[in-house]
Amino acid sequence: MRIAVLMKPILNTLNINAIDQEILSKANLKLNEADKSALELALKLKERLGGEVTVITALSWFCNEDKRIREVIKLLREALAIGADRVIIIKGTNLCTGNHVVTAEALTKAIRRSGPYDLILCGEGSSDIFSQVIPVIVASKLNIPFIGLVKNIKISSSKIVANIKLDNVEMSIEVELPVVASIMKDIATPRLPTLIGLKRAYEKPIDVIEFSEEDTFTKSVEMINLKVITRVRKQIIRAHMSSDKLASEFVNILKELHVVKMQ
Amino acid sequence: MKILILGFGNSIPELVTAASTIINDSENLELYGISLDNNISNCSKLPLKILYKLRTLPSDIISLGKYLAELINNIRVDLVLSDSFQYSKYLAAVIANELNIPILTNVIKIEKDYSNSKLIVECNTALVNLNIVYKVKVPSVLVIQKGIFEKHNTIEKECKITELAPNLRSSIKVRRYEKKTIEEITKDVIIGIGRGVSRNYFKLVKELAKLLNAHIVCSRPLAVKEEICKDWIGLSGMKIAPKIYIALGISGQHQHFIGIRNSKTIIAINKDENAPIFSNCDYGFVSNIEDLLPKIIDILKSLK
């Protein structure tokens, strides 16, 4: 079975309270957790059914900076260390505009060029932008079925049976391969690399390819401002008090907020 | 300007408001709607030229997206506004791709550019403190964050309703199908419960909710593992903006906070004083839920 896993390097800024352009340029990248779960699922399938796993990444932050490409190569070497067979990284200034259709086009081209694949997997969304739309656009471009959000999955050599949850609907579906599937991150816990794995990773191929298409469409979206939102919460914390006292303070606050009537 | 609204019936009134924030001159605005369900009682008196309605939703989103893209192309719309339910979002993305137009998601604000040929669109990200402002050409597809725009008031005239029954070929076979009604959370007070609330105390949480006329929601770990709530609040779940959010035993990880960040007041109870929720709340109580909850309920009962 040939599996492609779409993995996104995301901004590692969760611990930064204020983010601005300057901090952004200093922020590290990390691999999106949900995509790591997708890779784990792919590796388990490879172990059971044989085949190979290719990781495909389109840069959407700092998408044409050499220093950042080296950073992403380092991150993806971990994917190779835990069992992926090859990595394809797509760079190009047009990927930075935030136009999801363009990013999906770049990924689709790489999939066509390196494929065909039986299964294309990715996580349910990226923890920085969380648009969730890239995999369904890729499926639409490849003209193959898309399933999301997958809670669990069974695969034989030619078809998938999956439980999916979409809003208020839960269903079990059956579909012939090839398929693009967006999986929920609880589906698998990513394994950690071993020292031997890390050593072997250096022998596996990492290709950096350029997405250079430039037409009016690639320029139809422009990121004009990163807006820092500061919402100051009161942060009045009550601790080290008896539960009687805490309970009465809690109710007093509800009174002040007019949730319960004053007496 | 022709704007097409796409979403489940209960989202359509707020998408009409979103559309009217772009064009406030109603004479220059022609609105069309596609409802993804039968729940259109709030929509029939909206200022829509035609409301298309789908009786059933196919599991094959790509086929439906291609079918709707053709319909939208024939109307020659300038803008598609979609709600942010998962199905609608996927569908909107297929439509954008088929029409070869851009799509932006998590949209909270739309303005016309001075040149009128582009829109200035502000989008939430999954990073707590960061929004991104884009300039986007029309035609385009915008997925609007739920709960940002008020529901549009209805008008007297009934709009024309046309049922769509596409005959789509699909390779996806449905073996089992379970559907719940989409829950609309409209209460002012919402109580969120997390892993810090043990199963034995759910009854007390329900009692508190009754006393405060509140709605109960869950954090994702609780919804996934315990299956008390089918839906959760957070980055990958529902996003809410109540007047008061009471977080019980919720640590307040970034993913959960994304779902509650627009709450006016956040009150938290957690036994761990280092829980991240305390850095992002208005009022925090460091205590065991088991000790505190019965006492709060006793006081509230005595006030009734």
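These numbers were taken from a predicted model, which means no experiment stands behind them. The chains referred to below are lettered A, B, ... by the order of the sequence lines, with proteins before strands, and numbering in each begins at 1.
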| field | Proximal component of B/L91, with respect to chain A [non-hydrogen, under 4.5 Å] | value | neither
| query | With sequence neighbours left out, which residue pairs that include part of residues 149-179 of chain A fulfil the ring pair (Phe, Tyr, Trp, His ring centres under 6.0 Å) condition? | reply | none
| Heavy-atom proximity to chain B below 4.5 Å, by part of A/V221 | both
| request: Please look at A/E105 and chain B and tell me whether the side chain, the backbone, both or neither of the residue comes under 4.5 angstrom of a heavy atom of that chain. | output: neither
| field | Proximal component of A/V251, with respect to chain B [non-hydrogen, under 4.5 Å] | value | side chain
| query | In residues 57-64 of chain B, which residues are in contact with chain A at a heavy-atom separation under 4.5 Å? | reply | B/S59, B/I61, B/I62
| note | Cut-off 4.5 Å, heavy atoms of chain A, and the answer for B/L293 is neither
| So which part of B/K66 gets closer than 4.5 Å to some heavy atom of chain A, the side chain, the backbone, both or neither? | side chain
| query | With a 4.5 angstrom heavy-atom cut-off, which part of B/S279 approaches chain A: side chain, backbone, both or neither? | reply | both
| Side chain, backbone, both or neither of A/N143 within contact of chain B (heavy atoms, under 4.5 Å) | both
| Option that, when pairs with chain B are counted at under 4.5 Å, heavy atom only, ranks first among A/I134, A/L166, A/I129, A/I160 | A/I129
| request: Would you check, one step at a time, whether the test side chain to side chain donor-acceptor pair (under 3.5 Å) holds for A/S140 with B/E98? | output: CA-CA 8 Å; A/S140 184; B/E98 290 302 313; 3.0 Å; yes
| Residue part contacting chain A, namely of B/V189, when any heavy atom lies under 4.5 Å | side chain
| remark: The interface call for B/I103 against chain A, heavy-atom contacts under 4.5 Å, is both
| Which bit of B/N100 comes within less than 4.5 Å of chain A, counting heavy atoms only: side chain, backbone, both or neither? | both
| message | Any non-hydrogen side-chain atom of A/H240 less than 4.5 Å from a side-chain atom of B/V286? | response | no
| query | Atom CD1 in A/I237, atom CZ in B/F285: separation rounded to 0.5 Å? | reply | 9.0 Å
| Does any heavy atom of chain A fall under 4.5 Å from the side chain of B/I296, the backbone, both, or neither of them? | both
| field | Engaged part of B/I269 at the chain A interface, taking heavy atoms whose separation is under 4.5 Å | value | side chain
| field | Under 4.5 Å from a heavy atom of chain B, the part of A/D244 involved | value | both
| message | Assess, by modelled atom type and distance only, whether the side chains of A/Q132 and B/T105 contain a donor and an acceptor separated by less than 3.5 Å. | response | no
